[in-house]
Amino acid sequence: MNRKKMALIAAMVLMAVALAACNDSKAESGDDVMAEPIIVELSLTPESIKAGEKVLIEAKVTQAGSPVEDANAVEFEVTLEGGGVQAKVPVKHDQGGVYKMEKTFDEAGTYRIVSHVTARGQHSMPLKELKVAE
């Protein structure tokens with residue numbers, strides 16, 4: 001019985017030492033920013049348009065309050081409700097963590113716009129709807 005207790009205590013001590021080592025290495029490496037989620041604010045300007053008009057689609061990407069200017073990939077997926085038109089368009093960085101493009105919508109309807117942002121080991125997909133009137 002004493003051997004079992006000693007083995008259990010030894011295992012608990014080893015686990016405590018291993019956890020302490022993990023916590024110390026994280027604190028030393030400065031990876032706290034990497035633990036913060038990326039935040040993607042998707043916006044449409046204007047929020048509703050008529051067919052044939054342009055809309056500005058922007059994704060502002062931040063992490064821990066700072067702009068993310070080095071995203072691995074940013075795409076805007078545009079889908080017409082009820083099927084039909086669907087496209088994924090790669091977007092380049094403009095400035096200050098903002099990725100943007102202008103698009104003209106020739107067909108009336110409701111469009112779903114999803115920004116696919118991959119940055120710093122994370123992926124975010126916010127969604128907006130755009131109503132295009134005739």
Side-chain angles (χ1 to χ4, degrees):
M1 185 101 143
N2 282 339
R3 281 188 169 174
K4 288 183 180 179
K5 285 183 182 178
M6 292 297 286
L8 182 61
I9 291 172
M12 290 172 50
V13 168
L14 286 174
M15 285 182 66
V17 169
L19 288 173
C22 287
N23 287 340
D24 287 344
S25 66
K26 182 178 178 184
E28 289 174 13
S29 69
D31 284 342
D32 291 339
V33 172
M34 296 306 284
E36 290 286 326
I38 59 170
I39 306 297
V40 180
E41 297 174 37
L42 181 61
S43 65
L44 309 174
T45 308
E47 292 185 3
S48 62
I49 60 172
K50 292 182 179 178
E53 293 181 343
K54 285 184 182 178
V55 65
L56 177 64
I57 306 169
E58 292 184 324
K60 182 177 181 184
V61 186
T62 58
Q63 185 180 44
S66 298
V68 173
E69 299 180 345
D70 60 349
N72 299 79
V74 178
E75 294 179 316
F76 293 143
E77 178 182 349
V78 180
T79 307
L80 177 59
E81 188 177 84
V85 178
Q86 180 177 10
K88 267 191 181 178
V89 181
V91 184
K92 296 202 182 283
H93 179 251
D94 185 38
Q95 62 181 352
V98 176
Y99 300 78
K100 65 182 181 179
M101 73 172 212
E102 281 189 331
K103 178 154 178 59
T104 302
F105 291 84
D106 295 325
E107 190 176 337
T110 300
Y111 291 83
R112 287 178 23 147
I113 299 172
V114 179
S115 67
H116 293 270
V117 178
T118 304
R120 301 178 181 174
Q122 301 176 44
H123 189 76
S124 180
M125 300 172 29
L127 163 78
K128 289 274 187 180
E129 282 194 352
L130 175 68
K131 298 213 184 267
V132 178
E134 290 193 37

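This chain uses plain numbering: 1 for the first residue, then up along the sequence. All values derive from a computational prediction rather than experimental measurement.
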Item to check | Value rounded to 0.5 Å, distance of CD1 in I113 from CG in L130 | outcome: 5.0 Å

Checklist entry - Where do P46 and V55 come nearest, in terms of heavy atoms and distance? => result O-CG2, 3.2 Å

Item to check | CD-OG distance between E58 and S43, expressed to the nearest 0.5 angstrom | outcome: 4.5 Å

Checklist entry - Would you say Y99's side chain and A71's backbone share a donor-acceptor pair under 3.5 angstrom? => result yes

Next on the checklist: Could you tell me if the side chain of F76 sits less than 4.5 Å from the side chain of L42, heavy atoms only?
Outcome noted: yes

Checklist entry - If you look at every heavy atom in S124 and I38, which pair is closest and at what distance? => result CB-CD1, 4.1 Å

Next on the checklist: Show the nearest heavy-atom pair for residues P67 and G97, with the distance to one decimal.
Outcome noted: CB-N, 3.7 Å

Checklist entry - How close do E134 and A108 get, heavy atom to heavy atom, and via which atoms? => result CG-CB, 3.3 Å

Checklist outcome for this item: All heavy atoms of E107 vs all of V132, minimum pair found to be O-CG1, 3.6 Å

Item to check | Residues in side-chain hydrogen bond (donor to acceptor under 3.5 Å, both in side chains) contact with E77, at least two apart in sequence or another chain | outcome: Q86, H116

Next on the checklist: Can you confirm whether K103 is buried at NZ, in the sense that more than 12 heavy atoms of other residues, nucleotides or ligands lie under 6.0 Å from that atom?
Outcome noted: yes

Item to check | D70 side chain near H93 side chain, heavy-atom distance below 4.5 Å | outcome: no

Checklist entry - To the nearest 0.5 Å, what is the distance between OG1 (T45) and CD1 (I57)? => result 10.0 Å

Item to check | Residue list, salt bridge (Lys or Arg N to Asp or Glu O under 4.0 Å) with D106, at least two apart or on another chain | outcome: none

Checklist entry - Roughly how far, to the nearest 0.5 Å, is the NZ atom of K88 from the CD atom of E75? => result 5.0 Å

Next on the checklist: Using a 3.5 Å distance criterion without hydrogens, assess whether the side chain of E36 forms a donor-acceptor pair with backbone atoms of A64.
Outcome noted: no

Next on the checklist: Within the supplied structure, the quantity of interest is the number of heavy atoms (other residues, nucleotides, ligands) at a distance under 6.0 Å from E47 CD; does it exceed 12?
Outcome noted: no

Checklist outcome for this item: Heavy-atom nearest pair, S115 first then V40, reads OG-CG1, 3.7 Å

Checklist entry - Is it the case that one hydrophobic cluster holds both V98 and V61, taking links as side-chain heavy atoms less than 4.5 Å apart, direct or via other members? => result no

Item to check | Rounded distance (nearest 0.5 Å) linking atom NZ of K131 with atom OG1 of T110 | outcome: 3.5 Å

Next on the checklist: Assigning hydrophobic clusters by single linkage (Ile, Leu, Val, Met, Phe, Trp, Tyr; side-chain heavy-atom cutoff under 4.5 Å), is I39 placed with V114?
Outcome noted: no

Next on the checklist: Side chains of V78 and V89, heavy atoms from C-beta outward: is any pair under 4.5 Å?
Outcome noted: no

Item to check | Inter-residue atom distance K100.NZ - Q95.CD, 0.5 Å rounding | outcome: 7.0 Å

